[in-house]
Amino acid sequence: MRRPTFFLSLFCGLVAVLSGPALAAETVLEKYLPQIAAADLVPGADGFGPLREDLAVAPVLQGQTQLGWVYVTSDFVGTTGYSGKPIHVMMALDPAGKVIGAQLVKHSEPIVLVGIPEAKVKALIGSYIGVDLPKAAADKATAHDLQIISGATVTVMVIDDSMLRSGIKVARALGLGGMSAEVASGPKAEINPEAPAPEGWLSMLGDGTVRRLSLDVGQVNEAFAALPDPRAAARALREPPQTSFIDLNLALVSVPGIGKAVLGPAEAANLQAWLKPGEAAVAVAANGLYSFKGSGYVRGGIFDRIVLVQDDVTVRFHDRDHRRLVSLEAKGAPGFTETDLFRIPADLGFDPAKPFRLQLLVQRPVAATEKVFTTFDLGYQLPAGYLKPVAVAAPAPVEETAAQADLWRSIWAGKRLEIAVTGAMLTVLTLVFFFQNAMTRNARAFFWFRMSFLTVTLVFLGFYANAQLSVVNLMALFGALTTSFSWQAFLLDPLTFILWFAVAAALLFWGRGAYCGWLCPFGALQEITNRIARALHIPQWTLPWGLNERLWPIKYMIFLGLFGVSLGSIEQAEHLAEIEPFKTAIILKFVRAWPFVAYAAALLLAGLFVERFYCRYLCPLGAALAIPARLRMFDWLKRYHDCGNPCQVCAHDCPVQAIHPTGEINPNECVTCLHCQVLYQSHARCPVVIRQDKRRAAVAPTSASVPRDLRNHPHTPH
C-alpha cells in the first residue's frame with residue numbers, strides 16, 4: 001500500500017483525462033470575419049457591414065442591400081468538442097430565420113485532424129443551409145435530418161447542438177422570422193393549491209378539468225387514408241365506422257384539488273408523497289380498441305405511443321415515472337380498461353400553468369415488418385379557477401452548462417445498449433481477475449474464453465462502438481491540469497468515459513494489463529491474427545532476451561517525445577500521435593489513404609511473427625499506462641520459488657516476453673493474459689506441479705496398503 005496520496009491524485013487525474021478547460025464564451029466573429037469572403041459564405045454577397053456593439057453579429061451585404069446577419073456559433077454557445085475546445089462555425093441567417101450560409105472556420109477535433117477527412121465535416125455543416133430556425137425552436141428533433149459520420153459521432157452531435165442552439169439564440173435576439181427574445185414581464189400564472197375541483201366526472205369534463213379525445217374507427221381510417229402511403233388505406237380496420245377506437249381522458253392530477261377529485265383523497269395523498277418538489281403528474285384513462293400504452297414499454301421501458309408536448313419541451317414517459325391505477329374515484333366516472341399515472345420530472349422545464357398537449361401515436365402494420373404512423377392531439381389547459389396571477393421578474397436564460405448537460409445526457413440515453421454491454425464486459429473481467437485460480441485451472445477452456453472475450457473487444461468495442469483509447473486522451477490531461485476543466489468533453493463519449501474510469505481503477509489493482517491485455521481493440525486484433533498465424537504454421541520468432549529488453553524503451557521515448565511536443569502545441573502532438581494505428585485499423589476500418597493503411601498492415605504483419613509486436617515496442621499509450629502500473633498496490637500473479645531458477649517454462653512461454661530469466665514478472669510489460677497462471681497449475685508443463693504429483697503418487701500405494709481404520713492413526717506413517 002505505497003503512497004496512497006499519489007494513487008488518489010493519479011486516479012482523479014486519469015478519470016479527468018478527456019476533460020478540457022471550461023472555456024467561457026468569447027467574441028470570435030471579429031477575429032475570423034476578415035478571413036472569410038462574403039461570397040464564399042453566402043452566394044451573391046459581396047461584403048460585411050460593421051459589427052453591432054450590443055451583439056456579436058454583422059450584416060451580410062449585397063451592395064447596399066442587407067441579405068441577413070452573420071455570426072460565429074462559439075460567441076453564443078459554449079459547447080466544446082471531444083478536444084475540449086469549441087468548434088467554430090460561421091453562420092448566416094436571413095430575415096425569415098433560415099440558414100443561408102454555414103462554414104467551418106476553426107476546430108481542434110483529433111478525429112478530424114488525423115482521421116476523418118475534413119471535407120466530410122464541411123459537407124455536413126453545409127447541409128444545414130435551408131434549415132428553418134423558428135421551426136427548429138418549436139421542434140428541434142425535426143429541424144434537420146442529422147447525418148452521422150462514421151467514427152465521428154461525438155463531433156457531429158456537438159456541431160449539430162451548437163449550430164441549432166446558437167441559431168435559435170441569434171434569431172430570437174434579432175427577431176428573425178417573427179421570433180422574440182425569451183423575456184417575460186408582468187403577471188405570470190401559477191397553481192393555486194387551494195382551488196377546489198367541481199364535484200362529479202361530468203362537471204369536470206364540462207369545465208375542462210378533465211379533457212377528452214374520442215376517436216371512432218371511421219375517423220382513424222380516414223386519417224390513414226390521407227397518408228401518402230396507399231398501403232395504409234388498404235389495411236383499414238374492419239369494424240363498423242362508429243366503433244370506438246379510443247376514448248382518451250387526461251387530467252393534471254398534481255394540482256391538489258384535481259388530484260383529490262379524480263383520484264380520491266387517499267390516492268391523492270400517495271401521489272403527493274411520490275412527487276418531488278417541482279414535479280407534475282397527469283392521469284390518463286382510456287377505453288376502446290387501441291391501447292395508449294401498448295407493450296413496447298415492457299421491453300424498452302418507454303411508453304412510445306404517447307408524448308407530452310409543451311412549446312419546445314417534449315416529455316417521453318419511462319416506466320420509472322409510471323404507476324397503474326385500479327380506477328378513478330370521481331363520482332360518475334366510467335370504468336376504464338386502462339388507467340395510469342405519469343410523473344413529469346422537474347428538470348424538463350414543464351410548466352403546469354401553461355397549455356400543453358398529449359400526442360397519441362397510432363400505428364398500422366402494412367407489411368410483415370413495416371408500419372405507418374399518424375398522430376392525434378389531446379389539448380389541455382388548466383381552467384382559470386386553478387390559477388392565480390403573480391408578478392415575477394424576467395426569467396434568467398437557460399444556463400449554458402445546463403444545455404451542455406442536456407447534450408451529454410441525450411448521448412448517454414441513446415447508448416444504453418452499448419453501456420450495458422461494456423458494463424457486463426467489465427464485470428466479467430473483474431470476476432476473472434478475482435477468481436483467476438479457478439478460471440485458469442482448465443487450460444483449453446480458458447484459452448477459448450480468452451479468444452471469445454478478445455473477439456467481443458475487437459468487434460463490439462472496436463469496430464462497432466469505436467471505443468479505442470488513445471495517447472491523445474492522456475496528452476489532453478496535462479493541458480487540463482494547468483487550467484480549470486469541465487467534465488463535458490469527457491462525458492460526450494460514454495464508453496470512453498467508462499473505460500477510462502475502469503482503467504484508472506484497474507491501475508491500482510492489476511496494472512496496465514487489464515486494458516492492454518483485454519480491452520484494447522487493436523491489441524485484440526494483434527493477438528487474434530497471431531493465433532490465426534500459428535494455426536497456419538507461420539513460424540514464430542522469439543527475440544533474444546537482451547535485444548527484447550533493449551527494444552522496450554522505444555515506446556517510452558515515443559511517449560515522452562509526444563508529451564514534450566504537446567507542451568508547445570497540442571495540435572502538432574495530435575498529428576504526431578498518428579504513430580498509433582488505432583484510427584486507421586479500428587475507427588476507420590482501413591478505409592483511408594494508402595500510406596496509413598500500409599503502416600497499420602505492416603504492424604499487423606510483424607505481429608504474425610512476433611506476438612503483439614506493436615504493444616511490446618512502439619505503443620505510447622501502453623508506455624503511459626505502464627508508468628503508474630509499476631506502483632500498483634497488489635501482486636496477484638502467483639510464482640513458485642523455482643520460477644527462473646532453474647525453471648524457465650513461463651519465461652519461454654510468455655506471449656510478450658515479460659518474464660525475466662530470473663523469474664520476475666515485469667509489471668511494465670505484462671499484459672495480464674494469465675497464461676503464466678495456466679502454467680502455474682499445469683500438471684503437464686510445470687515442474688513444481690509435476691514433482692508434487694509424483695510425490696502423491698508415491699505415497700498413494702502406501703496409504704492403500706494400510707487398513708482403512710488405521711489410516712488416520714497418529715502413529716501410522718504417511
Side-chain angles (χ1 to χ4, degrees), residues 21-81 85-108 125 128-129 131-137 158-159 161-186 312 392-404 483-484 486:
L23 298 174
E26 56 178 317
T27 302
V28 294
L29 178 63
E30 187 173 3
K31 176 181 177 181
Y32 291 111
L33 195 60
Q35 304 176 17
I36 302 296
D40 292 340
L41 181 66
V42 179
D46 54 23
F48 300 109
L51 275 69
R52 281 181 48 155
E53 294 183 359
D54 60 333
L55 200 64
V57 299
V60 182
L61 304 174
Q62 184 181 44
Q64 299 300 315
T65 304
Q66 181 172 339
L67 301 179
W69 296 91
V70 63
Y71 69 96
V72 176
T73 54
S74 47
D75 278 331
F76 293 89
V77 296
T79 308
T80 57
K85 300 176 183 178
I87 300 173
H88 305 293
V89 177
M90 187 173 290
M91 297 181 65
L93 310 181
D94 69 7
K98 289 187 177 181
V99 180
I100 56 174
Q103 187 170 333
L104 177 66
V105 293
K106 175 69 175 176
H107 74 88
S108 301
I125 291 171
Y128 282 75
I129 295 176
V131 169
D132 188 330
L133 292 172
K135 181 181 177 182
V158 168
I159 291 172
D161 176 74
S162 60
M163 290 181 71
L164 290 181
R165 285 203 298 118
S166 66
I168 292 170
K169 283 188 176 184
V170 172
R172 282 177 172 154
L174 297 173
L176 305 180
M179 299 182 72
S180 58
E182 294 182 308
V183 177
S185 59
D312 56 356
V392 296
V398 177
E399 291 292 335
E400 184 65 27
T401 52
Q404 294 174 14
T483 62
S484 60
S486 69

(message) Measuring from atom CG of Leu41 to atom CG of Leu33, what distance do you get when rounded to the nearest 0.5 angstrom?
(response) 9.0 Å
(message) Working to the nearest 0.5 angstrom, can you tell me the gap between Lys169 NZ and Leu164 CG?
(response) 13.0 Å
Atom of [X], atom of [Y] and distance for their closest heavy-atom approach:
X      : Y      : result
Ala45  : Ala38  : CB-O, 3.8 Å
Pro50  : Pro59  : O-CD, 3.2 Å
Phe76  : Ser166 : CB-CB, 4.0 Å
Pro134 : Gly97  : CD-O, 3.5 Å
Val42  : Gly101 : CG2-CA, 4.4 Å

(message) Determine whether a donor-acceptor pair (N or O, by modelled atom type, separation under 3.5 Å) exists between the side chain of Lys98 and the backbone of Asp132.
(response) no
(request) Ignoring hydrogens and angles, tell me if any N or O in the side chain of Asp94 forms a donor-acceptor pair with the backbone of Ile100 under 3.5 Å. (result) no
(message) Under the criterion side-chain contact (heavy atoms from CB on, under 4.5 Å), I'd like the reasoning laid out for Leu55 against Asp75: C-alpha separation, chi angles, the key distance, then a yes or no.
(response) CA-CA 9 Å; Leu55 200 64; Asp75 278 331; over 6 Å; no
(request) Please list all pairs passing the ring pair (Phe, Tyr, Trp, His ring centres under 6.0 Å) test where one or both residues lie in residues 35-56, with sequence neighbours left out. (result) none
Within the 4.5 Å heavy-atom criterion, are [X] and [Y] side-chain neighbours or not?
X      : Y      : answer
Lys106 : Val89  : no
Thr73  : Met91  : yes
Leu133 : Val99  : yes
Ile125 : Met163 : yes

(request) Please lay out, stage by stage, how Leu29 and Met90 fare under the test side-chain contact (heavy atoms from CB on, under 4.5 Å). (result) CA-CA 8 Å; Leu29 178 63; Met90 187 173 290; 4.2 Å; yes
(request) Return the orientation label for the His88 and Tyr32 ring planes: parallel under 30°, perpendicular over 60°, tilted otherwise. (result) tilted
(message) Suppose we screen for side chain to side chain contact (heavy atoms under 4.5 Å, CB included). Which residues come up paired with Leu176, at least two apart in sequence or across chains?
(response) Trp69, Leu93, Ala171, Leu174
(request) Name all residues meeting the side chain to side chain contact (heavy atoms under 4.5 Å, CB included) criterion together with Glu30; count only those two or more places apart in sequence or in a different chain, and write none if there are none. (result) Leu51
(message) Going by side-chain hydrogen bond (donor to acceptor under 3.5 Å, both in side chains), name the pairs with one or both residues in residues 40-64, residues two or more places apart or in two chains.
(response) Arg52-Asp54
